[in-house]
Amino acid sequence: ARPTYRAEVTAASAAFMKRTQKLHTMLDSEPTLQELQRETDSLYQEWKTVYGFLSRCTTEERLNLSQIASEIRRDLTDLNSSLRL
């Protein structure tokens, strides 16, 4: 389906992907804990935007997308928990 919000979904997904890549790159430069926490918080905000579109999905891919979304949420929660210990 080509929803009217397709451009928004694409932009939000690209921003989330870019943020994940930035976090990955940061890990190579030995960032401080505060820097990692800020980046992880930003990553979570990007994810909330992407996730917000899932409820509007009406295609046969919705179940698969929901499962992937659950895995991403779990991974983000684990990452955040590890940084807040």
Side-chain angles (χ1 to χ4, degrees):
R2 292 184 177 266
T4 57
Y5 54 90
R6 181 180 184 184
E8 293 174 70
V9 173
T10 301
S13 298
F16 177 72
M17 185 181 71
K18 186 175 179 180
R19 182 73 65 180
T20 62
Q21 291 169 338
K22 181 178 179 185
L23 180 61
H24 180 78
T25 302
M26 280 181 69
L27 293 173
D28 289 336
S29 66
E30 299 182 21
T32 66
L33 180 58
Q34 290 175 332
E35 290 171 327
L36 282 174
Q37 288 171 338
R38 276 194 306 270
E39 195 60 32
T40 300
D41 290 344
S42 295
L43 178 63
Y44 181 70
Q45 292 305 316
E46 298 281 359
W47 170 243
K48 283 180 26 178
T49 301
V50 172
Y51 185 76
F53 288 108
L54 184 59
S55 64
R56 297 162 104 181
C57 179
T58 59
T59 69
E60 64 277 354
E61 290 297 316
R62 184 177 181 156
L63 179 59
N64 186 43
L65 291 171
S66 293
Q67 290 171 337
I68 293 168
S70 179
E71 292 172 19
I72 291 171
R73 183 185 45 79
R74 187 173 40 251
D75 290 343
L76 288 174
T77 300
D78 290 347
L79 177 61
N80 187 46
S81 296
S82 297
L83 294 174
R84 308 289 179 196
L85 293 178

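Residue numbers start at 1 and run along the sequence shown. All heavy atoms count here, side chains included; hydrogens, waters and symmetry mates do not.
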Query raised in the report: Is the number of heavy atoms from other residues, nucleotides or ligands within 6.0 Å of CD (Q21) greater than 12?
Result: yes
Report task. Report yes if the side chains of Y5 and R56 come closer than 4.5 Å at any heavy-atom pair, otherwise no. Result -> yes
Report task. Determine which pairs satisfy salt bridge (charged side-chain N to carboxylate O under 4.0 Å, His left out) with at least one residue from residues 21-40, sequence neighbours left out, and list them in order. Result -> R19-E39, K22-E39
Query raised in the report: Is Y51 reachable from I68 through a run of hydrophobic residues whose side-chain heavy atoms are each under 4.5 Å from the next?
Result: yes
Query raised in the report: Can any side-chain N or O of S13 pair as donor or acceptor with the backbone N or O of T10 at less than 3.5 Å?
Result: no
Query raised in the report: By ring pair (Phe, Tyr, Trp, His ring centres under 6.0 Å), which residues pair with Y44, not counting sequence neighbours?
Result: none
Query raised in the report: Nearest heavy-atom pair of A15 and E46: which atoms, and what distance?
Result: CB-OE1, 3.2 Å
Query raised in the report: Taking only residues two or more places apart in sequence, or in another chain, which ones meet D75 in a side-chain hydrogen bond (donor to acceptor under 3.5 Å, both in side chains)?
Result: none
Query raised in the report: By side-chain contact (heavy atoms from CB on, under 4.5 Å), which residues pair with A12, not counting sequence neighbours?
Result: T49, V50, F53
Query - Listed partners of L33 passing side-chain contact (heavy atoms from CB on, under 4.5 Å), at least two apart - result: Q37, L83
Query raised in the report: Does I72 reach the side chain of F16, with side-chain heavy atoms less than 4.5 Å apart?
Result: yes
Query - Any donor-acceptor pair under 3.5 Å from T77 side chain to R73 backbone - result: yes
**Report entry** Set of side-chain hydrogen bond (donor to acceptor under 3.5 Å, both in side chains) partners for R74, sequence neighbours left out
**Finding:** none
Query raised in the report: Should M17 and L79 be counted in the same cluster of Ile, Leu, Val, Met, Phe, Trp and Tyr side chains packed under 4.5 Å apart?
Result: no
Query raised in the report: Would L76 and L65 show up in the same hydrophobic cluster when neighbours are defined by side-chain heavy atoms closer than 4.5 Å?
Result: yes
Query - CG-CG distance between N80 and L36, expressed to the nearest 0.5 angstrom - result: 11.5 Å
